[in-house]
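Read through the structure below, which is laid out as structure tokens, and then see the notes.
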Amino acid sequence: MKELQPINQHVLIELKEQEEQKTASGIIIPDSAKEQDNSGVVTAISQIEHPEIAVGETVMFKDRAGEELEFDGKNYRMVPYADILGKIIETESI
């Protein structure tokens, strides 16, 4: 079994599957024209002292941060830890 482990203070984020988008007339919108989603689930973290995020949490990162890659049929983004803007957490409604 292979595993992709980030190094040099990087975070591996699994991206959501993007659905194929079409216009009302049926024209398929290419990936390059779509707005990029800047959130995903943390899959792995390199050796970082006192990280504020954990594996399994959903985070948001800077637009165009890191490198997009494919590994074992899934889409990931390798993002520098400093480019993580925050994590999405569930809260109770008031």
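For clarity, every value in this text was computed on a predicted model and none was experimentally measured.
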>> Using modelled atom types and a 3.5 Å cut-off, is there a donor and acceptor pairing between side-chain atoms of R77 and backbone atoms of L15?
In response: no
Separation between CG (L85) and NZ (K87), nearest 0.5 Å, reads 14.0 Å
Rounding to 0.5 Å, atoms CD1 (I13) and CG (N75) come to a distance of 13.5 Å
Joining Ile, Leu, Val, Met, Phe, Trp and Tyr whenever any side-chain heavy atoms lie under 4.5 Å apart, the cluster holding I7 also takes in none
Taken to the nearest 0.5 Å, the spacing of D83 CG from Q9 CD works out to 12.0 Å
When rounded to the nearest 0.5 Å, the distance separating CD of Q5 from NE2 of H10 is 12.5 Å
Next item on the list: Determine yes or no for a side-chain-to-main-chain donor-acceptor pair under 3.5 angstrom, with N38 supplying the side chain and K62 the backbone.
Entry: no
So CD1 of I84 and CE of M60: to nearest 0.5 Å the spacing works out to 11.0 Å
Residues passing the side chain to side chain donor-acceptor pair (under 3.5 Å) test with S46, sequence neighbours excluded, are none
In residues 48-55, what donor-acceptor pairs under 3.5 Å come from side-chain atoms, sequence neighbours left out?
none

For M78, the other hydrophobic cluster members (4.5 Å side-chain criterion, sorted by chain and number) are L4, L12, L69, F71, Y76
Members sharing I89's hydrophobic cluster, built from side-chain contacts under 4.5 Å between Ile, Leu, Val, Met, Phe, Trp and Tyr, are none
